[in-house]
Amino acid sequence: MADSARPTFSIVVPLYNEAENVAPLLARISAAIEPIRAQFDHEIVLVNDGSTDGTLAAIRAEMRRHTQTVLVNLSRNFGHQLAATAGIEIATGDAVILMDGDLQDPPELIEDFLRKWREGHDVVYAVRRTRKGESRFKLWTARAFYRIIKRLTKIAIPLDTGDFRLMSRRAVEAVRRLPERHRFLRGMVSWVGFDQVAIEYDRDVRYAGETKYPLSKMLRFAMDGITSFSDVPLRFASYFGFAVSVIAFVYAVIVIVMKTFSLKPAFYTPGWASTIVAVLFLGGVQLMSLGILGEYLGRVYDEVKGRPLYIISDIERS
Ligand code: UDP
Ligand code: MG
């Protein structure tokens, strides 16, 4: 790709069933990088994440029109974070820009990313000032999620930031050294450190097609984010256990005192109400604690298996 001393950048786009978006995406990327063509060499890495619609054909058609395009075909659908990881690992640029394929991340920002990078920043991430066309529910849950994860983790994961960002070569190499399979890339990039800077943008509506993140996947992803960066939930069980033990101890003392002195104050009514409440409460706490353990244990199991993160079936270049 690079034959000169010009710096190169790679644009990495994971695509899953985005047939109608491929052509408009490449057109907009091309237009956006037109003004900087003289300054930089570039490549566009399109990762086809096991699409079942016409995405592959659409990419191949576009590759005839656009040179410097790399198609990475995964052997099946591995999910957004792993497809993005595959793209980042294939990309060869001095800087790597990750963006969604549905034009929610405006390619016009690439120029700003590159400017910040040339000023010496290692990571330039795009913060959503506004998000158009998202449901109230998604906006609210996303907002809550970013604030919860901020409280639970020690590393500063920026609020309201997706994966749309530029990474310098050394930041990319650092992220590549994090081998985890339940990936929360935005957190991992924060974790590696270096000089990180934000730029604000207005998130557009999806150009065509439907979101590939239904609620169930969003919840999984949120759990991945929390479990990857915090062990606080694991300690909930101890906190609960401690609190319940203290209450139980106090209650036991009261009961013993009452029995010893044959006291029967007004609030003392023998019956199942207090018993059933205690049983249900403890049962709930125990099941929840087991569930939290399970979330972590399942992830430990996945890590221990040591399977590759993704399988590439082939790579084509234009
Ligand atoms: N994506 C992917 N594999 C998946 C799901 C999504 O490669 O299993 C891609 C998708 O094609 C898009 C990006 O990840 O380019 C973000 O997905 P989407 O726009 O559906 O997420 P949302 O913006 O709704 O959060
Ligand atoms: Mg989207």
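Quick caveat: nothing in here was measured; it's all calculated off a predicted structure. Numbering of ligands and ligand atoms starts at 1, following listing order.
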task: Please determine, by modelled atom types, if Thr227 and His182 share a side-chain donor-acceptor pair under 3.5 angstrom.
output: no
message: Pro14 versus ligand 1: do any nitrogen or oxygen atoms come within less than 3.5 Å of each other?
response: yes
- request: Specify the protein heavy atom at minimum distance from atom 14 (O) of ligand 1: its residue, its atom name, and the distance to 0.1 Å.
  value: His80 CD2, 3.1 Å
Side-chain donor-acceptor distances from residues 287-295 under 3.5 Å, at least two apart:
unit_1, atom_1, unit_2, atom_2, d
Ser289, OG, Val285, O, 2.7
Glu295, OE1, Arg220, NH2, 3.4
Glu295, OE1, Arg299, NH1, 2.7
Glu295, OE2, Arg220, NH2, 3.4

- request: Return yes or no for this condition: an N or O of Glu210 is under 3.5 Å from an N or O of ligand 1.
  value: no
- request: Please check if atom CZ in Arg176 has more than 12 non-hydrogen atoms from other residues, nucleotides or ligands closer than 6.0 Å.
  value: yes
- prompt: Could you walk me through whether Val175 and Ile88 pass the side chain to side chain contact (heavy atoms under 4.5 Å, CB included) check?
  reply: CA-CA 9 Å; Val175 169; Ile88 290 170; 5.6 Å; no
- request: Report the protein N/O/S neighbours of the Mg ion (ligand 2) that fall below 2.8 Å; do not count waters.
  value: Asp102 OD2, Gln104 OE1
field: Residue pair Gln81, Asp163: steps toward the side-chain hydrogen bond (donor to acceptor under 3.5 Å, both in side chains) verdict
entry: CA-CA 9 Å; Gln81 298 286 301; Asp163 289 319; 2.8 Å; yes
task: Please check if atom NZ in Lys150 has more than 12 non-hydrogen atoms from other residues, nucleotides or ligands closer than 6.0 Å.
output: no
- request: Please identify which atoms of ligand 1 are closer than 4.0 Å to at least one heavy atom of Lys138.
  value: 22 (P), 24 (O), 25 (O)
query: How close do Phe184 and Gly225 get, heavy atom to heavy atom, and via which atoms?
result: CG-CA, 3.4 Å
statement: Among non-hydrogen protein atoms, atom 22 (P) of ligand 1 lies closest to Thr211 OG1, 3.7 Å
query: Touching ligand 1 at all, Lys217? Heavy atoms, strictly under 4.0 Å?
result: yes
query: For ligand 1, which atoms have a heavy atom of Gln104 less than 4.0 angstrom away?
result: 19 (O), 22 (P), 23 (O)
- prompt: Can you tell me if Gln81 has a non-hydrogen atom under 4.0 Å from ligand 1?
  reply: no
task: Calculate, to the nearest 0.5 Å, the distance between atoms CZ and CD belonging to Phe194 and Gln196 respectively.
output: 9.0 Å
query: For atom 3 (N) of ligand 1, which protein heavy atom lies nearest, and how many Å away is it?
result: Asp49 OD2, 2.6 Å
Lys212 and ligand 1 - part of the residue with a heavy-atom distance under 4.0 Å: both
- request: Record the part of Leu15 in heavy-atom contact with ligand 1 below 4.0 Å; permitted values are side chain, backbone, both and neither.
  value: backbone
task: State, without any angle test, whether Asp41 and Gln68 hold a side-chain donor-acceptor pair at a distance under 3.5 Å.
output: no
message: If the cut-off is 4.0 Å to any non-hydrogen atom of Glu18, which atoms of ligand 1 fall inside it?
response: 10 (C), 11 (O), 12 (C), 15 (O)
query: When you measure from the side chain of Asp49 to the backbone N and O of Phe78, does any donor-acceptor pair fall under 3.5 Å?
result: yes
- prompt: Relative to the heavy atoms of Gly101, which atoms of ligand 1 are at a distance of less than 4.0 Å?
  reply: 12 (C), 15 (O)
task: Please work out which of the three classes, parallel, tilted or perpendicular, describes the rings of Phe221 and Tyr213, given edges at 30° and 60°.
output: tilted
query: Which ligand 1 atoms are under 4.0 Å away from a heavy-atom of Asn77?
result: 3 (N), 4 (C), 8 (O)
query: Considering only the protein, which heavy-atom contact is closest to atom 17 (O) of ligand 1, and what is its distance?
result: Tyr213 CD1, 4.0 Å
- request: For ligand 1, note which part of Met218 has a heavy atom under 4.0 Å away: side chain, backbone, both or neither.
  value: neither
message: I'd like to know if Arg65 and Glu62 make a salt bridge, using a cut-off of under 4.0 Å between side-chain N and carboxylate O.
response: yes
- prompt: Which heavy atom of the protein is the closest neighbour of atom 18 (P) of ligand 1, given with residue, atom name and distance?
  reply: Arg206 NH2, 3.4 Å
query: Judged by atom type as modelled, is there a donor-acceptor pair below 3.5 Å linking the side chain of Asp195 to the main-chain atoms of Asp122?
result: no
- prompt: For atom 19 (O) of ligand 1, what's the nearest protein heavy atom and its distance?
  reply: Asp102 OD2, 2.5 Å
- prompt: Closest approach of Ala126 and Phe113, non-hydrogen atoms and distance?
  reply: CB-CZ, 3.9 Å
- request: Considering the heavy atoms of Arg203, write down every atom of ligand 1 situated less than 4.0 Å from one of them.
  value: 23 (O)
Which atom of His80 lies closest to which atom of Pro14, heavy atoms considered: CD2-CG, 3.5 Å
